[in-house]
Amino acid sequence: RLPAKIMHCWVERHHGHLGGIRLLLGFLEVGETLEECCARETFEESGVSVDTESISFVRSQPWPFPRSLMVGFRARAKSVQSKDSNGSK
């Protein structure tokens, strides 16, 4: 459930399932902090630049891939670049 002050939640279409959506996701690069990963992946997947000072950890859970962890964050958007459905700017 989203708190009342949150106005938008970015999701993307999940083409593997009819009518499905998913939250943005990605993988941590070597030498990158989790917060840097959150900002980079959000921009790469959606064109949304986030205020890095606003990034806050929400929750984590094991992921089904070996030696992996799924983490969730909240952040405020700074700017948005439009992208088409293929991820192009």
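Keep in mind it's a predicted model, so treat the numbers as computed, not measured.
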For [X] and [Y], work out which heavy atoms get closest and say how close.
| X | Y | value |
| --- | --- | --- |
| Ser49 | Phe43 | OG-CD1, 3.6 Å |
| Leu24 | Glu45 | CD2-CB, 3.9 Å |
| Thr42 | Val50 | CG2-CG1, 3.8 Å |
| Ala75 | Ile55 | CB-CG1, 3.8 Å |
| Met70 | Trp63 | SD-CZ3, 3.2 Å |

Between atom [atom1] of [X] and atom [atom2] of [Y], what is the distance when rounded to the nearest 0.5 Å?
| X | Y | atom1 | atom2 | result |
| --- | --- | --- | --- | --- |
| Arg76 | Ser56 | CZ | OG | 9.0 Å |
| Arg59 | Arg74 | CZ | CZ | 11.5 Å |
| Glu29 | Glu41 | CD | CD | 7.5 Å |
| Ser60 | Phe73 | OG | CZ | 9.0 Å |

| query | Does the pair Arg40/Glu36 count as a salt bridge with the N-to-O cut at 4.0 Å? | reply |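 No, no charged N to carboxylate O under 4.0 Å.
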